[in-house]
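What you are looking at is a predicted structure, and each value in this text was computed from that prediction instead of being measured.
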Amino acid sequence: MNSTPLQRNLSETASRIYDLIVVGGGIFGACAAWEAASRGLSVALLEQGDFSHATSANHFKMVHGGIRYLQHGDLPRIYKSSRERSAMLRICPHLVQPLPIVIPTYGRGVKGKLFLGLGMYIYDLLTCRRNKGLQKSRKVPWSSFLSRKTLQKHFPGMDDSALTGGAVFYDGQMYNAPRLALAFIRSAVGRGAKVANYAEVTDFILEGRRVSGVLVRDHFTGEVYEVHSRVVLNTAGPWAHRLLAEKLQVKLMPQPTFSRDLAFVIKRRFNSPYGLALLSGSKDADSVLDRGGRHLFLVPWREYTLVGVWHKIFTSRPEAVSVSRGELEEYVAEVNRAYPALHLSVDEISTVNMGLTLFGEEDAQQSGKLSFGKRSRIVDHEKEHDVAGLLTSIGVRATMARGVAEKVVGVVSKQIDKVLLPSRTDTLPLFGGDVEDIKNLEDRAVVEPAHDLPRQSIISLVRNHGSRYRDVLDIVLGRHGKFSGTLPGSSVTRAEVVYSIREEMAMKLSDIVFRRTELATGSKPDRAALEECAAIAAEELNWDRERVRKELDEVDALCAKFKITET
């Protein structure tokens, strides 16, 4: 894979006409850019903030295999979800791995082993091709069972008298969600795509009833550029329908409904590789087979535990998304009701992950029953609104982003009347993903004699950068050791800070802290680490003292918003 660095130059980006402009740099926009570039289209991707700065970085980090859709009797979603989970495990093995999840079983009815086991066996048969082309460490095993004693060993305090054990199924988990989107973007750039963050699309360029490009404002300079293309794809997520309404007076019907999906990170970690599924008080309104409520999950993630997910209809502007302490207390109480021995406290929450996800229609929601979003939306505005050259794609789950991109680019191909190369993005390794065996790479990397970094730092480098981890080590070894070692109180290397600026288009301190490195993905780093990180960025990006202060203040404000506490 071409290691072309990300270079932000809006005047150069605006100097040509593209086959496709992608508006939005979340996971769905990133996948669309990669899909289009890999099949021979010229592409420009424009993002108003940083890449993957919103929902794509702040979700539950699951890559769903579709087992939940068995309750809905929705076989097509099962096939598609399993296919996309396999694709993610195949093309980016450093960033996605299988995750075993255990559902406690009770008695002999719908909560018992027999009922669950039959459902899981059917699911395993329906997804029997799920391991095609996967590395050994990324294969998804068949479902299995745990005895009561074994379950209690993994999750102490589960002593309900009706407990009989647990049923185990597998999903996928992202190691680093924003870096997954970045891997798609870097792959697209390697095939010639032009990308820019902090490049806000302020309007569409119209020639009659055809969109021929967009106006783009540079966040840093205020300059406005015209960027032209044959087709514009709007993948701005919860901003997408607002952009259409405000700039083109186009209204999507039905109007999209978004849920504030929320999960949180706690500093406690069970001594277990399993995630735990707990029955909650609310129900899935679309479930054909009801076992007593939808599930909440406690899953291991790095050295933390992720807890979620809660859903709430959200109608305000996306940038206003927030959560109150009262809501967090309510959610913690729900977890404690499901697992009393946990004794979870709000004060244990180190990070809140929340973003806006396409949901079921608002009038379909009932008290205690939620109707979830089922299909991503792809809108051809020429057919729907007599506006040619414009498509909108709003996704439901990050799992489906690659598959949705494949469909969208198929529509683009027809609109521009151009025969494209066949799609291979379900097998082509992403940037950093060309690894024969990721576990072997980790084992080799930690014993390399050329560095003196801690074991955890090396493992993190491999998991975040895959086969390109040595590109970061080259910075450690260069410049007479100027960037050797790690930031205070952290396993994050100084070299990663430099690399994120020189190679990955990090333009602000928050880009580095929240999305390029692991500095604040689970808890807030200590002040010394933030200040040193800011000092390195200041040297690389020519910031003055006032700019450094503003950058630190912005990071502090974001930590407060997402309740990130110091370790």
Side-chain angles (χ1 to χ4, degrees), residues 14 17-37 39 41-48 54-55 193 199-217 225-258 317-318 356-359 361-362 373-396 400-418 420 423:
I17 299 174
Y18 298 89
D19 292 320
L20 179 66
I21 290 174
V22 178
V23 180
I27 188 66
F28 281 84
C31 285
W34 167 227
E35 179 73 29
R39 296 174 67 180
L41 293 179
S42 57
V43 181
L45 181 146
L46 305 165
E47 163 57 48
Q48 66 171 345
T55 302
E200 180 185 3
V201 170
T202 59
D203 210 343
F204 296 97
I205 300 171
L206 282 171
E207 296 179 0
R209 297 294 295 172
R210 169 173 288 278
V211 171
S212 62
V214 294
L215 295 180
V216 186
R217 184 181 69 86
Y225 299 89
E226 290 188 5
V227 186
H228 291 270
S229 65
R230 301 172 72 182
V231 177
V232 173
L233 172 62
N234 173 19
T235 62
W239 286 272
H241 66 296
R242 298 175 186 275
L243 185 63
L244 295 170
E246 293 169 6
K247 305 305 178 184
L248 293 175
Q249 289 71 57
V250 165
K251 187 174 182 179
L252 294 183
M253 297 300 294
Q255 188 81 350
T257 300
F258 289 89
R317 295 197 67 87
L356 300 181
T357 301
L358 190 63
F359 212 52
E361 293 183 28
E362 188 170 359
K374 299 172 182 62
R375 301 288 194 280
S376 299
R377 291 180 65 174
I378 301 172
V379 181
D380 182 342
H381 292 285
E382 184 171 17
K383 294 180 179 178
E384 296 288 331
H385 305 104
D386 192 31
V387 179
L390 178 65
L391 303 172
T392 291
S393 171
I394 305 177
V396 172
M400 305 306 295
R402 191 217 63 85
V404 170
E406 187 177 334
K407 288 184 178 179
V408 168
V409 172
V411 177
V412 173
S413 172
K414 293 178 181 178
Q415 290 205 349
I416 66 176
D417 193 24
K418 183 174 182 178
L420 304 183
S423 177

Query raised in the report: When rounded to the nearest 0.5 angstrom, what is the spacing between OG1 in Thr357 and CD1 in Ile394?
Result: 12.0 Å

Query raised in the report: Could you give the distance from CG (Leu46) to OG1 (Thr235), rounded to the nearest 0.5 Å?
Result: 10.0 Å

Query - Residues which pass side-chain contact (heavy atoms from CB on, under 4.5 Å) with Arg377, listed by chain and number, not counting sequence neighbours - result: Leu252, Pro254, Pro256, Leu358

Report task. Sort and list the pairs that fulfil salt bridge (Lys or Arg N to Asp or Glu O under 4.0 Å) and have at least one residue in residues 406-416, not counting sequence neighbours. Result -> Arg83-Glu406, Arg402-Glu406

Query raised in the report: Does Thr55 reach the main-chain N or O of Leu356 with its side chain, forming a donor-acceptor pair under 3.5 Å?
Result: yes

**Report entry** For Thr392, side-chain hydrogen bond (donor to acceptor under 3.5 Å, both in side chains) partners two or more places apart
**Finding:** Asn234, His381

Query raised in the report: How would you list all residue pairs meeting salt bridge (Lys or Arg N to Asp or Glu O under 4.0 Å) that involve residues 241-257, not counting sequence neighbours?
Result: Glu246-Arg317

Query raised in the report: Distance from Leu233 atom CG to Glu35 atom CD, nearest 0.5 Å?
Result: 11.5 Å

Query raised in the report: Does Ser376 reach the main-chain N or O of Val396 with its side chain, forming a donor-acceptor pair under 3.5 Å?
Result: yes

**Report entry** Validation row: Ser423, Val409 side chains within 4.5 angstrom (heavy atoms)
**Finding:** no

Query raised in the report: How far apart are the closest heavy atoms of Ala33 and Leu45, and which atoms are they?
Result: CB-CD1, 3.7 Å

Please tabulate, for the side chains in residues 17-32, all donor-acceptor contacts under 3.5 angstrom to protein atoms that are two or more places apart in sequence or on a different chain.
unit_1, atom_1, unit_2, atom_2, d
Tyr18, OH, Thr13, O, 2.6
Asp19, OD2, Ser42, N, 2.9
Asp19, OD2, Ser42, OG, 3.2
Asp19, OD2, Lys418, NZ, 3.4

Requested in this report: Taking side-chain hydrogen bond (donor to acceptor under 3.5 Å, both in side chains) as the test, write out the residues that go with Glu47, two or more places apart.
Outcome: His53

**Report entry** Listed partners of Asp380 passing side-chain hydrogen bond (donor to acceptor under 3.5 Å, both in side chains), at least two apart
**Finding:** Gln415

Query - Results of side-chain contact (heavy atoms from CB on, under 4.5 Å) for Glu226 - residues two or more places apart only - result: Ile205, Leu215, His228

Requested in this report: Hey, could you give me each pair passing side chain to side chain donor-acceptor pair (under 3.5 Å) that has a residue in residues 204-216? Not counting sequence neighbours.
Outcome: Glu207-Ser212

Requested in this report: Please report the C-alpha distance between Val411 and Val231 in whole Å, then the side-chain angles of each, then the deciding distance to 0.1 Å, and finally whether the side-chain contact (heavy atoms from CB on, under 4.5 Å) criterion is met.
Outcome: CA-CA 10 Å; Val411 177; Val231 177; over 6 Å; no

Report task. Enter the distance from Glu384:CD to Leu391:CG here, rounded to the nearest 0.5 Å. Result -> 11.5 Å

Query raised in the report: With distance as the sole test, does Arg230 use its side chain to make a donor-acceptor pair with the main-chain N or O of Ile416 at under 3.5 Å?
Result: yes

Query raised in the report: Among all residues two or more places apart in sequence or in another chain, which pass the side-chain contact (heavy atoms from CB on, under 4.5 Å) test with Ala54?
Result: Trp239

**Report entry** Criterion side chain to side chain contact (heavy atoms under 4.5 Å, CB included) against Val250, the qualifying member of Leu390, Leu244, Asp386
**Finding:** Leu244

